[in-house]
Structures are given as C-alpha cells and as structure tokens.
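None of the values given here were measured: they were computed from a predicted structure. In this chain, residues are counted from 1 in sequence order. One-based numbering, in listed order, for ligands and for the atoms of each.
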Amino acid sequence: MILQIEPWIDESELEQLKKVVDSTFVTEASLTDEFESKIKELTGSKYAIAMTNGTVALFCALKSLGIGVGDEVLVPDMTFVATSNAVVLAGATPVFCDVEPETLSIDLEDAQKRITNKTKAIVPVHLYGQAVNMDDLMSFAKLHGLLVVEDAAQGVGVKFNGKHTGTFGDAGVLSFYGNKTITCGEGGVLLTSNEVVAKACYRLKNHGRDGKGTFIHEHIGFNFGFTEMQAAIGISQLGKLNQIIAKKRQIHDVYGQELSGIDNFCIAETKSYTTPVFWFTSFFTSKVEELQKFLIENGIQTRRFFYPLHLQPCYKKADYINTDYACPFSLRAYNTGISLPSAYNLTEGDQQKVIDAVKRFFL
Ligand SMILES: Cc1ncc(COP(=O)(O)O)c(C=O)c1O
C-alpha cells in the first residue's frame with residue numbers, strides 16, 4: 001500500500017532518544033527547553049510553551065484569554081474537529097462559519113453575519129499548509145473587538161507575507177501529531193507574544209503553578225505536560241524540517257505538472273501571500289468517492305477532506321450548538337477534495353504509480 005502520509009523517522013530520532021534514556025529525565029527538562037527555544041527561533045514567537053498536544057494548547061489559549069461559559073467563538077466549518085472541541089472544552093460555544101471557496105479560510109463576510117453580542121473570539125485555521133490572509137483577519141477582529149487564536153496545527157513552516165503562522169493573533173497553536181509535517185508522536189506548542197497569556201497558559205498546563213516544587217496552588221490548573229521523549233523526537237524532526245518542506249514541494253510540483261489538463265481534476269491553488277508547506281497535495285473533483293475507491297483498489301491510500309463541522313453527528317446532538325446554518329463552500333470542499341500520497345518517504349516510482357493510476361481513472 002502506498003500510504004497517504006507517514007512520518008520520516010530514523011536513527012537520528014533514536015540518537016536523541018538515547019540521551020533521554022541515559023539522563024533518566026523523562027518529564028520536562030533540558031530537552032523540552034531546547035525544543036521550545038528552537039520553536040521560538042523557527043517562528044519568531046516571543047514565547048513558546050510545549051504541551052501534551054495541539055488540542056489542549058488550543059484550550060489553554062482560549063481559557064487564558066478569558067473565554068468561557070456564555071461566550072461564542074467563530075470557527076471555520078471546514079477544519080479538523082479539535083478546533084471546535086477546544087472551544088467546547090473551554091465552556092464556550094463554537095459558531096460555524098463558511099469558508100472561502102478557493103482558500104478554504106474562514107469566510108469573513110459569512111462570519112460577520114454570525115456575530116452576536118456574545119461573540120468573543122475568532123479561530124482562523126491555516127488549513128492544509130496554506131496561510132489565512134492574516135491582514136484581513138486581524139482587521140476584521142479589530143473592527144469587531146474579537147480576540148484571535150490561530151489554529152496553526154497544520155501550519156509548521158507556513159508563513160503569511162514572510163511571518164510564521166500562529167504569531168499574528170493573541171495566541172497560536174502548532175501540532176506535532178504523527179501525521180503532521182514534523183512530529184513528536186503527540187505534541188503541541190502554544191505561541192504568544194503576550195507575557196500574561198504565556199504565564200496563564202503555563203499555569204494551566206502545570207497544575208496552576210508558576211514553577212515546580214510547590215504544593216500550594218494559587219490557581220486551578222491541569223497537567224498538560226510535555227515529555228523529554230517528545231522533545232527528543234521533536235528536536236531531531238526540526239533538524240529535518242527544511243528537507244521535508246523541499247521534498248513536499250517537489251511532490252506537489254510533480255503532481256501539478258503530470259496531472260494538469262485533466263478534466264474535472266484541479267489542483268488546490270496557493271495564494272501569493274502564502275509561503276506554503278505542501279503538507280498534503282490536494283485536488284478537487286466531483287468524482288471523489290469513485291476515485292478514492294479506484295485508488296485503494298490499486299494499493300493507493302488517499303484522504304478525503306474534513307467532514308463539515310455543522311454536519312458532525314456530535315454537534316447535531318448538542319442542542320446548544322447551532323448546526324442549522326448552511327455552509328455551501330465547506331460542503332463543496334468536502335464533496336470534492338482529495339489528498340494524494342504526500343509523505344516525505346514517497347519514492348519517485350511510487351509517485352509515478354499514483355500518477356498513472358489517476359490518469360487511468362480519468363482518461
Ligand atoms: C486543524 C487542526 N486543529 C487541531 C488539531 C489538533 O492537534 P492535536 O492532534 O495535536 O491535538 C489538528 C490535528 O490533529 C488539526 O489538524
């Protein structure tokens with residue numbers, strides 16, 4: 001089977017992990033500090049706080065900004081469900097907004113219609129390795145007095161006008177889940193330039209404390225700690241990031257050249273303001289179901305786009321969440337979007353097999 005995605009893991013991760021075994025420090029210690037410093041270097045963020053995963057980092061971002069019960073948060077309808085579940089975890093209500101047809105970024109015209117006097121924040125999602133237009137987004141947020149939490153879970157290495165995603169809003173979040181551009185197995189990093197937010201997030205992840213070693217807790221907090229094993233893998237992966245980004249661009253460009261000009265099969269466009277990372281190379285076709293079935297029968301794994309949030313059974317069942325709004329462009333993206341094998345490990349030969357199979361299907 002040619003996998004749609006898999007991490008590039010080898011001896012270099014083992015080498016870093018050996019340091020953890022030798023040191024016997026397994027919970028957060030010097031490697032976690034080093035990982036956070038490297039993330040600050042990569043993103044230009046003033047603060048970077050490593051956490052268990054991106055979902056809890058989103059929760060901490062919202063919570064530290066004072067978002068909770070009674071508040072509404074605008075989220076794009078086309079995203080992974082963790083974006084809105086983090087809003088629910090914080091006690092607030094997600095409000096689903098349609099996405100722009102080309103970029104799949106939250107549609108600000110649609111979002112404007114969904115603003116009420118309870119709306120406190122907006123969570124733009126940098127989807128599939130493309131940046132949201134953060135100039136427009138930040139102007140919108142300013143105009144309506146909204147806090148901004150950027151979901152840059154898929155945005156490692158992705159820039160808007162030269163600045164790393166996750167560094168524009170009040171806080172931003174990166175994910176290092178196994179299928180992401182680089183991975184720690186699980187892992188998330190909260191980015192912010194605001195010291196108050198950084199301190200509040202640190203407390204939320206550390207049982208309400210500003211540091212370790214005390215059992216008197218001034219604040220209520222939890223345990224969303226990172227581990228030295230995650231940091232070890234993350235440091236090694238960061239060393240490979242440029243190579244991974246370059247290979248993914250090459251994979252994207254080869255698909256783009258070889259599969260251009262096929263009727264009813266168009267590659268996802270990139271805007272000039274975005275420095276993308278082609279985490280996945282995606283296409284649009286009205287024959288998405290048939291194509292996916294054909295490819296799997298030919299030993300090729302693909303991935304459909306995310307199921308629109310307003311159609312998710314879990315939200316349909318939650319009567320305090322409004323799922324009655326139509327989000328036609330999000331639905332269209334789901335009905336037509338497909339991501340082809342895009343892993344760093346994809347060989348030229350395997351990519352050619354994918355290309356040939358797609359051509360056999362369409363031509
Ligand atoms: C858009 C988006 N938001 C949030 C998350 C959650 O991140 P994590 O899996 O690290 O909890 C993910 C990925 O998993 C994601 O793709």
Side-chain angles (χ1 to χ4, degrees), residues 4-7 35-36 39 48-63 73-90 94 96-97 99 103-106 121-132 134 137 148-158 160 164-166 169 171-191 201 204-205 222-227 229-231 233-234 237 248 268 274 276-280 282 303-309 312 314-315 330 333-334 337 339 342:
Q4 195 271 324
I5 204 79
E6 63 179 324
F35 178 68
E36 289 175 339
I39 293 290
I49 303 174
M51 300 201 191
T52 313
N53 57 55
T55 308
V56 295
L58 280 170
F59 161 75
C60 290
L62 293 160
K63 192 89 185 148
V73 177
L74 303 170
V75 297
D77 191 58
M78 168 55 53
T79 179
F80 182 54
V81 73
T83 312
S84 45
N85 280 344
V87 174
V88 174
L89 190 61
F96 308 130
C97 305
V99 292
T103 61
L104 305 184
S105 299
I106 189 165
I122 184 165
V123 183
V125 179
H126 303 283
L127 203 67
Y128 295 120
Q130 312 280 332
V132 169
M134 289 309 293
L137 194 292
V148 176
V149 173
E150 291 176 73
D151 183 340
Q154 304 174 9
V156 172
V158 179
F160 170 74
H164 202 284
T165 54
V173 164
L174 308 175
S175 166
F176 297 90
Y177 182 68
N179 69 3
K180 295 296 184 287
T181 304
I182 54 170
T183 185
C184 301
E186 291 277 3
V189 171
L190 183 133
L191 306 174
C201 284
L204 281 167
K205 76 163 242 192
F222 311 94
N223 179 7
F224 302 139
F226 209 54
T227 68
M229 286 78 77
Q230 285 169 289
I233 294 179
Q237 290 272 296
K248 282 182 185 272
T274 217
V277 169
F278 295 106
W279 174 50
F280 290 2
S282 303
R303 181 182 292 222
R304 298 270 307 261
F305 277 29
F306 294 114
Y307 194 55
L309 294 183
Q312 291 286 1
C314 59
Y315 294 143
S330 164
Y334 169 70
S339 303
S342 307

Contact atoms of ligand 1, heavy-atom distance to [X] under 4.0 Å:
X	result
Gly187	10 (O)
Ala153	2 (C), 3 (N), 4 (C), 5 (C), 12 (C), 15 (C)
Phe80	2 (C), 5 (C), 12 (C), 13 (C), 14 (O), 15 (C), 16 (O)
Ala82	4 (C), 5 (C), 6 (C)
Ser175	7 (O), 8 (P), 9 (O), 10 (O)

query: Does any non-hydrogen side-chain atom of Val132 lie less than 4.5 Å from one of Thr103?
result: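 Of all side-chain heavy-atom pairs linking Val132 with Thr103, none is under 4.5 Å.
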query: For ligand 1, is any non-hydrogen atom under 4.0 Å from Thr79's backbone (N, CA, C, O), its side chain (CB onward), both, or neither?
result: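 The answer is the side chain of Thr79.
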field: Aromatic plane relationship, Phe35 with Phe226 - under 30° parallel, 30 to 60° tilted, over 60° perpendicular
entry: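 Because their plane-to-plane angle is under 30°, the rings of Phe226 and Phe35 count as parallel.
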message: Check the orientation of Phe59 and Phe224. Use parallel for under 30°, tilted for 30 to 60°, and perpendicular for over 60°.
response: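 Taking Phe224 first and then Phe59, their aromatic rings stand perpendicular (interplane angle over 60°).
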- prompt: Looking at Ala86 and Leu58, what are the two nearest heavy atoms and their distance?
  reply: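 Shortest heavy-atom contact: CB-CB, 3.5 Å.
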field: From Gly54, Gly188, Gly178 - option closest to atom 8 (P) of ligand 1 by heavy atom
entry: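 The residue whose heavy atom sits nearest atom 8 (P) of ligand 1 is Gly54.
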query: Which of the listed options, Lys180, Glu186, Gln154, holds the heavy atom that is closest to atom 13 (C) of ligand 1?
result: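 Looking at heavy atoms only, the winner is Lys180.
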message: To check your reading of the model: name the closest protein heavy atom to atom 11 (O) of ligand 1, its residue, and the distance in Å.
response: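 Nearest neighbour among protein heavy atoms for atom 11 (O) of ligand 1, to 0.1 Å: Thr55 OG1, 2.5 Å.
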query: Which residue holds the protein heavy atom closest to atom 3 (N) of ligand 1, what is that atom called, and what is the gap in Å?
result: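 Looking only at protein heavy atoms, the one closest to atom 3 (N) of ligand 1 is Asp151 OD2, 2.7 Å.
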Distance-only polar pair, side chains of Ser339 and Tyr128, donor-acceptor under 3.5 Å: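 No, Tyr128 and Ser339 have no side-chain donor paired with an acceptor closer than 3.5 Å.
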Inter-residue atom distance Phe160.CZ - Thr165.OG1, 0.5 Å rounding: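 These two atoms lie 11.5 Å from each other.
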- prompt: CD1/Ile106 to CG/Asp151 distance, rounded to the nearest 0.5 angstrom?
  reply: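 Between Ile106 CD1 and Asp151 CG, I get 11.0 Å after rounding to 0.5 Å.
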